[in-house]
Structure formats: structure tokens, C-alpha cells
J.: 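Submitted below is the structure of interest, expressed as C-alpha cells.
Ligands are counted one by one from 1 in listed order, and the atoms in each one are counted from 1 as well. Since the model is a prediction, treat every value here as computed from it, not as a measurement. Heavy atoms only: backbone and side chains are in, while hydrogens, waters and symmetry mates are out.
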Amino acid sequence: MAVIWYPGHMHRARKQIKEVMHQVDLVIEVMDARIPFSSENPVVTELRGPRPCIKVLNKSDLADPLITAQWLRYFSKQEGVRALALTSTHKGDARKLLSLCREMVPLRVQRGEPVRTMIMGIPNVGKSTLINALAGKAIARVGDEPAVTKHQQRISLGNGIVLSDTPGILWPRMADENSGYRLAVTGAIKNSAISFEDVALYAAEFLLQHYPEMLMTRYKLEELPDSDAALLELVGRKRGCLRAGGVMDLHRASEILLKDFRSGKLGEISLERPADSGNDVAQGAAD
Ligand code: GTP
């Protein structure tokens with residue numbers, strides 16, 4: 001399924017979630033630790049009302065740990081919110097979440113009642129992987145392409161935690177053009193939604209500016225190219241992406257750069273810092 005959200009889809013998703021929210025004690029919003037701003041959806045605040053929320057910065061194995069620590073501080077300052085960095089694909093890591101769930105809804109725990117949770121998040125942030133890791137078995141489908149989570153079952157996670165059976169899939173936050181590019185760089189929106197080469201050029205420019213040493217190491221560069229296009233050209237040359245007649249295959253070079261980023265082969269990289277996303281955010285991260 002192509003991940004293109006129309007107002008109708010958003011309305012339906014919001015309505016579905018609203019209908020069952022009264023049966024939920026705690027919301028778990030899953031985000032991508034590399035792009036917390038663009039993978040967060042402000043509609044969660046509206047939908048959860050007074051319920052507590054755990055913001056999970058998932059895929060933290062791929063993100064810059066210093067920047068993830070800044071994001072954790074930033075989110076933890078929000079009313080009723082606790083934040084946790086996780087790598088759902090690492091065995092056992094996700095279970096850190098279960099004790100936090102119990103801590104955040106003590107009344108139900110004291111009464112011996114299950115804590116009813118709903119996992120929410122935009123496509124491809126790792127909701128299914130997290131659900132499977134929490135349940136200790138494969139119950140939700142996992143995929144490289146966005147929007148695999150369609151219908152979840154009602155799931156008891158053990159330890160008195162129950163998961164809602166309504167899929168909490170939210171639409172990506174396209175706050176601006178940059179958000180769109182960053183979502184595409186991480187793979188949260190489908191490759192076809194924006195020109196693939198443009199996405200790679202966006203990544204190249206960002207990496208040249210923020211993580212030049214990682215580029216030098218990964219591609220064994222002697223000096224740094226002076227533009228995004230020159231970097232792609234160089235990556236292509238180093239990786240044998242020349243077509244007949246010596247013409248550079250920019251599509252293949254783009255693929256290599258994006259794959260290296262998405263798989264973590266370039267290193268631990270964050271595309272967004274709290275300080276980038278507005279004055280109040282910058283202040284929050286500074287103290
Ligand atoms: P939708 O079904 O599209 O809503 O996606 P989802 O949010 O359920 O994501 P899913 O669990 O299918 O994971 C998407 C991709 O991210 C898969 O290739 C997972 O293996 C990968 N993934 C999930 N969690 C992590 C993580 O913590 N680290 C890394 N490196 N990859 C992860």
C-alpha cells in the first residue's frame with residue numbers, strides 16, 4: 001500500500017482512535033530517533049487528552065547518541081510524558097518499556113487491573129517490531145516498506161500490560177519541505193513519493209555539513225567534495241556506478257548513499273536536533 005495520506009484517511013484514522021481512547025490508560029507513541037520532530041505527530045496530544053504518554057525514540061541504534069539524549073530531555077519536560085530510547089530489534093531492549101508502563105499508571109496496578117495501552121506512530125518507525133519484541137513472539141507483521149501494520153489483535157504483553165487492537169497508525173508530519181525530505185531519507189515515506197535522487201542529494205548536503213568524517217571514512221575520501229552533487233558523483237565513482245560511455249549512474253549512487261545511511265553503515269546519525277525545530281524547542285534542549 002502506498003503511503004499517501006489524504007484528508008479522508010486522516011479523518012478516519014483519527015475517528016477510529018478517538019472511539020477506543022476511553023478504553024486506553026496509557027499511550028505509547030513510537031518515533032524514529034533520527035527524526036523525532038518529523039516522526040512525531042502532534043495529534044497524539046489532542047487524542048490522548050489527560051492520559052499519560054511514553055514517547056519511544058526507536059531505532060536509537062542508528063541515531064547520534066548525544067542528540068538522542070537531548071531529545072529525551074526535551075520530551076521529558078512535556079506534561080504527562082516520559083521518553084525512552086529503544087532499539088526494538090535488539091533482543092530484550094524493548095522490555096524496558098513494560099516496567100515504565102506500570103510505573104506510569106500506578107492506580108490500575110495497585111487495583112490488580114491490567115494497564116491498557118495503545119501503540120501509535122507514523123508508518124515504518126518500528127511499531128510492529130516493538131509489539132513483537134514486547135510480546136516475545138511474532139504477532140505483528142514487520143516490513144521494510146511503510147504501512148505493513150494494518151490490523152493488530154488484542155494482545156496481552158504479560159506483566160499486566162494489554163495492547164489495544166486498534167492500529168494506531170498516524171500520518172507523517174509534513175511540517176515543511178525539509179520534513180518531507182528527512183522522512184524520505186529514513187525511508188518513512190515511500191521512495192516514489194519524492195524523486196529518489198533529490199532525496200539522496202538532500203542527504204548528501206546534510207552529511208557534508210554535519211557528519212563529514214563519517215563520509216571520509218566510509219568512502220575512503222582524501223578530501224571532502226564541495227557540493228552534494230560532487231559527493232554523489234564521487235560515491236558513484238568509488239563504487240563503480242559508471243554506465244557504458246563513462247556516464248555516471250546517479251540513481252545507483254543515490255541508492256548506495258541512502259542504503260548506507262539507513263542501515264547504519266555510515267554511522268550513528270541524527271537528522272534533527274531539538275534546537276532545529278523552533279525557539280521553544282531550542283530553549284528546552286539548552287537547559
Ligand atoms: P508500518 O507497518 O508501516 O506502520 O511500520 P511499523 O511502524 O510497524 O514498522 P516495522 O516494525 O515494520 O519496522 C520497519 C523497519 O524498521 C523494519 O525493517 C524493521 O526491522 C526496522 N526496525 C524496527 N525497529 C528497529 C530498530 O530499533 N533498529 C533498527 N535498526 N531497525 C529497526
J.: Report yes if the side chains of Ile269 and Arg34 come closer than 4.5 Å at any heavy-atom pair, otherwise no.
T.: no
J.: Decide yes or no for Glu40 and Glu272: does some side-chain heavy atom of the first lie under 4.5 Å from some side-chain heavy atom of the second?
T.: no
J.: Considering both backbone and side-chain atoms of Ser60, is one of its nitrogen or oxygen atoms within less than 3.5 Å of a nitrogen or oxygen in ligand 1?
T.: no
J.: Tell me, do Phe261 and Val185 make a side-chain contact under 4.5 Å, heavy atoms counted?
T.: yes
J.: If you measure from each non-hydrogen atom of Thr87 to ligand 1, which part falls under 4.0 Å: side chain, backbone, both or neither?
T.: both
J.: In terms of atom number and element, which parts of ligand 1 are under 4.0 angstrom from non-hydrogen atoms of Asp61?
T.: 26 (C), 27 (O), 28 (N), 29 (C), 30 (N)
J.: Does Arg48 pair with Glu29 as a salt bridge, N-O distance under 4.0 Å?
T.: no
J.: Please say whether the positively charged group of Arg173, taken as NZ for Lys or CZ for Arg, lies over the ring of Phe37, i.e. under 6.0 angstrom from the six-membered ring centre and within 45 degrees of the axis.
T.: yes
J.: Would one find an N or O of Thr89, backbone or side chain, under 3.5 Å from an N or O of ligand 1?
T.: yes
J.: If you count the atoms of ligand 1 from 1 in the order shown, which ones are under 4.0 Å from a heavy atom of Ser128?
T.: 6 (P), 8 (O), 11 (O)
J.: Using side-chain heavy atoms (C-beta onward) and a distance below 4.5 Å, is Tyr74 in contact with Arg273?
T.: no
J.: Ligand 1 versus Leu130, non-hydrogen atoms closer than 4.0 Å: side chain, backbone, both, neither?
T.: neither
J.: Have a look at Asn132, Thr129, Asp93 and point out the one with the heavy atom closest to atom 19 (C) of ligand 1.
T.: Thr129
J.: Does Val125 reach ligand 1 with a nitrogen or oxygen that is under 3.5 Å from one of the ligand's nitrogen or oxygen atoms?
T.: yes
J.: What I want to know is whether Ile169 and ligand 1 share at least one N or O pair that is separated by under 3.5 angstrom.
T.: no
J.: Using side-chain contact (heavy atoms from CB on, under 4.5 Å) as the criterion, point out the one residue from Asp228, Leu257, Leu271 that pairs with Leu207.
T.: Leu257
